[in-house]
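The figures that follow rest on heavy atoms only: side chains count, while hydrogens, waters and symmetry mates do not. Counting convention: from 1, in listed order, for ligands and their atoms alike.
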Amino acid sequence: MSDAMRYPLEPGPEQVRQMGEAVLAFAEEYLRDLPELPAFDPIGGEELAGALREPAPELGSPLPGLLSTLHAAARVGATSAGPGYLAYVPGGGLYAAALADFLAAVMNKYVSVWQLAPACAQIEATAVRWLCDLFGYPAQARGILTSGGSMANFSAIVTARNARLGESFLDGTVYVTGQTHASCAKAALLAGVPRAHVRAVPTGRDLAMDPAALERMIEEDRRAGLRPFLVIGSAGTTNTGAVDPLTELAAVAGRAGAWFHVDAAYGGPFQLTERGRARLRGIELADSITMDPHKALFLPYGIGALLVRDGALLRQAHHMDAAYLQDLSEEEEIPNFSEYSPELTRDFRGLRLWLPIKLHGLGAFRRALDEKLDLAELVYERLREQGFEVPWRPSLTAVAFRWAPGGGDSDGNGDGDGADADAFNAELLRRVTARGRALLSSTRIDGRYMIRVCVVSHRTHRDRVEQLLDIIGESCAELRAERAAAPDPGRTAGGAPGRA
Ligand SMILES: *Cc1c(COP(=O)(O)O)cnc(C)c1O
């Protein structure tokens with residue numbers, strides 16, 4: 001019996017090469033086809049999912065067949081690695097990072113405890129340090145790479161709670177806004193903060209937190225015997241990319257003795273650009289920062305980062321002694337990541353950040369992000385020219401808009417009903433999506449239905465954005481013409497077909 005038959009879990013060199021080549025061929029073909037794949041393919045996804053519900057096989061089957069299954073699976077739903085993915089906050093999926101993931105899995109080094117992999121742990125620590133440098137954090141800053149922004153926000157809140165409140169924390173209060181990402185309130189609840197103690201501070205017309213209102217709320221809570229311990233600012237909200245007045249919030253939090261966390265999951269990487277740095281001014285004052293390399297650093301999904309100005313506080317909140325780790329010495333120069341994070345064993349995720357930055361250089365990322373900022377400006381200008389309501393000039397790359405001439409009477413039937421605009425824009429979004437070249441998403445801001453375009457992917461360039469703008473214009477004109485020809489019979493007031 002050959003080794004390959006006796007130990008099928010250990011392919012020999014020839015098989016390693018063959019399997020690798022099959023996977024590379026898959027990657028090459030997928031990346032080649034990516035621009036032409038529909039941005040969203042709703043057909044057949046559930047059927048395929050149904051066919052994938054099956055018991056585990058006792059015997060294996062050949063790789064090519066399995067790759068065919070994966071090929072089909074990759075084509076249903078959203079093409080989230082493609083240039084037309086402009087919904088939510090897009091990611092990217094750098095090829096270099098995919099290779100890094102492959103290599104990390106092949107080496108399977110144990111990076112959570114530095115002595116077991118000193119150089120690989122250092123590669124990760126170096127990549128984290130680069131992120132700290134981006135925000136001008138001091139030498140004592142520490143950070144962890146998480147699975148995403150939600151987990152980074154969670155560890156930030158636990159650190160703040162531990163540092164500011166100690167073990168008895170049910171009287172602690174947290175300050176966010178209606179525009180703050182839901183993962184922050186969720187993390188606060190998971191960290192044991194009572195739901196009623198997560199306060200929504202009012203925002204101004206720019207959808208950014210009002211620092212004076214924050215100060216008043218903190219003062220009221222303090223007088224009521226509560227302990228305000230955490231202010232969460234946003235550096236790029238998901239809805240519109242709004243950036244809170246970080247310098248002012250840092251000052252208010254500082255006067256109150258509260259921790260200042262900045263959720264820059266989406267906006268953080270724009271710090272690489274001159275415009276981004278200007279818009280994120282004050283972020284360097286934060287006690288902690290969340291940023292997601294799997295958004296605007298274009299990495300594949302599965303990597304967020306938490307940076308903490310005083311690294312000792314991050315460690316204090318997450319450190320735990322364990323007898324079975326006694327042979328491993330204290331950290332010296334290289335951190336034991338397990339002491340800073342809820343996780344012990346995990347993937348070597350630092351490599352997927354380190355390799356692309358070393359390979360391409362930060363300049364390549366900077367230029368790509370500048371391109372996204374330009375594209376968002378283009379979207380803003382063109383939509384306004386076309387007569388759309390685009391209330392917020394993008395501070396980053398998210399643009400929210402709707403068709404609402406005359407304050408919401410989109411179908412031109414003259415009743416000025418806000419519900420008209422909501423229904424009109426929902427149908428507009430459906431038609432734009434049906435064209436298959438771009439996937440957008442929608443949200444509600446101040447009670448109004450808004451369509452969102454968010455340009456983040458490294459693969460989205462001007463040609464795709466121009467195409468999208470044409471499609472939006474055409475779809476809107478088409479819909480207005482239809483509404484004008486056949487006004488909704490449910491509505492009364494003088495239909496004015498001529499208006500549309
Ligand atoms: C995406 C996002 C999050 C959540 O991050 P995940 O990586 O999805 O867990 C948090 N805050 C903001 C502002 C985001 O855009």
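Remark: the Thr238 side chain and the Tyr88 side chain contain no N/O donor-acceptor pair separated by less than 3.5 Å. A donor and an acceptor atom, one from each side chain of Thr460 and Tyr85, are nowhere located under 3.5 Å apart.
Screening Gln316, Arg315, His318 for a side-chain hydrogen bond (donor to acceptor under 3.5 Å, both in side chains) involving Glu339 leaves a single residue, Arg315.
Between the OG atom in Ser150 and the NZ atom in Lys186 there is a gap of 6.0 Å [rounded to 0.5 Å]. Interatomic distance, Asp446 CG to Thr203 OG1, rounded to the nearest 0.5 Å: 7.0 Å. With rounding to the nearest 0.5 angstrom, the CD atom of Glu220 is 12.5 Å from the CZ atom of Arg222.
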Hey, what polar pairs (N/O, under 3.5 Å) does ligand 1 make with protein?
| from | atom 1 | to | atom 2 | distance (Å) |
| --- | --- | --- | --- | --- |
| ligand 1 | 5 (O) | Gly149 | N | 3.4 |
| ligand 1 | 5 (O) | Ser150 | N | 3.4 |
| ligand 1 | 5 (O) | Asp292 | OD2 | 3.2 |
| ligand 1 | 7 (O) | Gly149 | N | 2.7 |
| ligand 1 | 7 (O) | Asp292 | OD2 | 2.7 |
| ligand 1 | 7 (O) | His294 | NE2 | 2.7 |
| ligand 1 | 9 (O) | Gly149 | N | 3.3 |
| ligand 1 | 9 (O) | Ser150 | N | 2.8 |
| ligand 1 | 9 (O) | Ser150 | OG | 2.6 |
| ligand 1 | 11 (N) | Asp263 | OD1 | 3.2 |
| ligand 1 | 11 (N) | Asp263 | OD2 | 2.6 |
| ligand 1 | 15 (O) | Thr238 | OG1 | 3.3 |
| ligand 1 | 15 (O) | Lys295 | NZ | 2.8 |

